[in-house]
Amino acid sequence: MKRPDYTIRRAAERDAAALLDIYAPYIRDTVITFEYDVPTAEEFAARIGETAALHPYLVCERDGRPVGYAYAHRIRERAAYDWAAELSIYLAPTAQGQGMGTALYRCLIDLLAMQNLRILYGCVTLPNEKSQKLHEKLGFSLVGVWHGSGWKFDGWHDVGWFEKRLGGDGAAQPVIPFPQLDAQKIQECLQTHTEMLNDGGLN
């Protein structure tokens with residue numbers, strides 16, 4: 001049997017419909033996201049564009065078809081929080097358990113480090129063993145739980161906050177907006193993690 005061919009690349013607004021197909025079941029069927037209503041493709045495209053103006057928004061394709069995506073976004077609006085970001089990742093059911101989440105998250109983290117970000121957060125509705133293990137595997141630590149902080153499907157749900165620090169405690173360096181990073185360095189990062197995923201070494 002032919003092995004799947006994976007590609008990690010930058011997302012574009014034209015990917016909205018395909019990525020929404022991945023995301024919509026999480027809204028309709030799970031508490032992994034607290035969003036209630038499935039956005040339109042146009043609304044989702046606008047989200048991609050707004051996010052990618054500052055932080056990475058990545059897509060993973062299998063044999064040319066998107067089967068997962070990950071991105072980072074601001075966690076607070078105050079300028080002092082410019083060096084912090086919250087990460088999110090969503091995979092199609094058929095793409096889970098194959099190392100894709102690890103590859104996407106590692107690639108995202110490496111790109112955020114290139115932007116001079118210093119602290120990353122993952123917000124996980126509890127319990128979620130797969131997401132908890134992913135964060136722990138990649139060096140995140142559980143730093144707190146918001147108890148009963150979200151209401152969905154007739155119940156209250158806890159949220160765990162996972163934290164990963166990049167670099168030391170020295171003075172902050174200016175955050176470089178993602179589109180202003182060196183394009184070659186971005187591509188090298190994407191290619192490195194694509195190759196690792198295709199080599200099957202990330203499970």
Side-chain angles (χ1 to χ4, degrees), residues 8 11 13 15-52 54-62 65-77 81 84-109 112 117 119-164 202-203:
I8 298 174
E13 292 184 24
D15 294 311
L19 302 191
L20 190 56
D21 283 344
I22 297 170
Y23 181 51
Y26 285 92
I27 299 174
R28 293 191 299 256
D29 305 327
T30 80
V31 296
I32 290 174
T33 175
F34 282 169
E35 190 159 8
Y36 284 1
D37 301 314
V38 178
T40 66
E42 291 76 14
E43 291 170 335
F44 204 79
R47 294 183 188 183
I48 294 172
E50 181 179 355
T51 299
L54 183 59
H55 292 124
Y57 204 124
L58 306 179
V59 175
C60 186
E61 294 181 330
R62 183 173 59 202
R65 180 177 179 179
V67 288
Y69 67 96
Y71 62 93
H73 61 87
R74 293 182 64 95
I75 193 164
R76 293 289 188 274
E77 291 306 314
Y81 290 105
E86 181 182 344
L87 282 58
S88 296
I89 184 169
Y90 295 94
L91 304 178
T94 59
Q96 297 176 11
Q98 300 168 34
M100 190 184 307
T102 301
L104 274 171
Y105 240 46
R106 280 183 173 163
C107 189
L108 186 60
I109 291 167
L112 292 167
L117 266 71
I119 187 160
L120 310 179
Y121 293 96
C123 178
V124 179
T125 307
L126 302 177
N128 185 333
E129 184 177 1
K130 290 180 180 178
S131 185
Q132 290 173 255
K133 286 185 175 180
L134 173 64
H135 284 88
E136 291 166 356
K137 177 181 181 179
L138 297 182
F140 288 76
S141 299
L142 180 65
V143 292
V145 177
W146 290 359
H147 298 283
S149 60
W151 174 265
K152 189 174 181 182
F153 299 152
D154 298 321
W156 294 105
H157 304 280
D158 295 348
V159 169
W161 285 92
F162 290 79
E163 177 186 277
K164 178 181 177 71
L202 293 172
N203 285 307

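Positions are given from 1, in the same order as the sequence printed here.
Taken to the nearest 0.5 Å, the CD atom of Glu86 stands 8.5 Å off from the CZ atom of Arg76. Tyr121 contributes atom OH, which lies 8.5 Å from atom CH2 of Trp161 (distance to the nearest 0.5 angstrom). Atoms OG1 and CD1, on Thr102 and Ile89 in that order, are 8.0 Å from each other to the nearest 0.5 Å. Note: Asp15 CG to Glu61 CD = 7.0 Å, rounded to the nearest 0.5 Å. Atom CZ of residue Phe34 and atom OH of residue Tyr26 lie 15.5 Å apart, to the nearest 0.5 angstrom. Separation of atoms CZ (Phe153) and CG (Asp29) is listed at 6.5 Å; rounding is to 0.5 Å.
Between the side chain of Ser131 and the main chain of Val124, no donor-acceptor pair closer than 3.5 Å is present. Panel note: side chain Lys152, backbone Thr33; a donor-acceptor pair is recorded below 3.5 Å.
For the residue pair Pro66 and Leu19, the shortest heavy atom distance occurs at CB-CD2, 4.0 Å. Nearest heavy-atom pair across Leu91 and Gly101 is CD1-N, 3.9 Å. The shortest heavy-atom contact between Ala41 and Ala16 is O-CB, 3.5 Å. Closest of all the heavy-atom pairs between Leu104 and Cys60 is CD1-CB, 3.9 Å. The heavy-atom pair separating Tyr105 from Gly122 by the smallest distance is OH-CA, 4.5 Å. Heavy-atom minimum distance, Ile8 versus Cys107: CG2-SG, 4.3 Å.
Under the ring-ring contact (aromatic ring centres under 6.0 Å, His included) criterion, Phe162 pairs with His135, not counting sequence neighbours. Qualifying side chain to side chain donor-acceptor pair (under 3.5 Å) partners for Arg74, counting only residues two or more places apart in sequence or in other chains: Asp82.
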Show the numbers, then the answer: is there a side-chain contact (heavy atoms from CB on, under 4.5 Å) between Leu138 and Lys164?
-> CA-CA 8 Å; Leu138 297 182; Lys164 178 181 177 71; 5.5 Å; no

Show your working on side-chain contact (heavy atoms from CB on, under 4.5 Å) between Tyr71 and Ile48 and close with a plain yes or no.
-> CA-CA 9 Å; Tyr71 62 93; Ile48 294 172; over 6 Å; no

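The closest side-chain heavy-atom distance from Leu117 to His55 is below 4.5 Å. Side-chain contact between Leu112 and Pro56 is present, with heavy atoms from C-beta onward closer than 4.5 Å. You'll find the side chain of Thr94 reaches within 4.5 Å of the side chain of Arg62, heavy atoms only. Under the 4.5 Å side-chain criterion, counting only non-hydrogen atoms from C-beta, Arg47 is not in contact with Tyr57. In this structure, Leu120 and Leu108 have side chains that are not in contact, with every pair of non-hydrogen atoms separated by 4.5 Å or more. A 4.5 Å side-chain heavy-atom check between Pro39 and Ile27 finds at least one atom pair inside the cut-off.
Annotation: Glu50, atom CD; neighbour count of heavy atoms from other residues, nucleotides and ligands within 6.0 Å does not exceed 12. By the 6.0 Å contact criterion, OH on Tyr81 is open, its count of non-hydrogen atoms from other residues, nucleotides or ligands being 12 or less.
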Do any side-chain atoms of residues 139-147 form donor-acceptor pairs under 3.5 angstrom with protein atoms, and if so which ones, sequence neighbours left out?
none

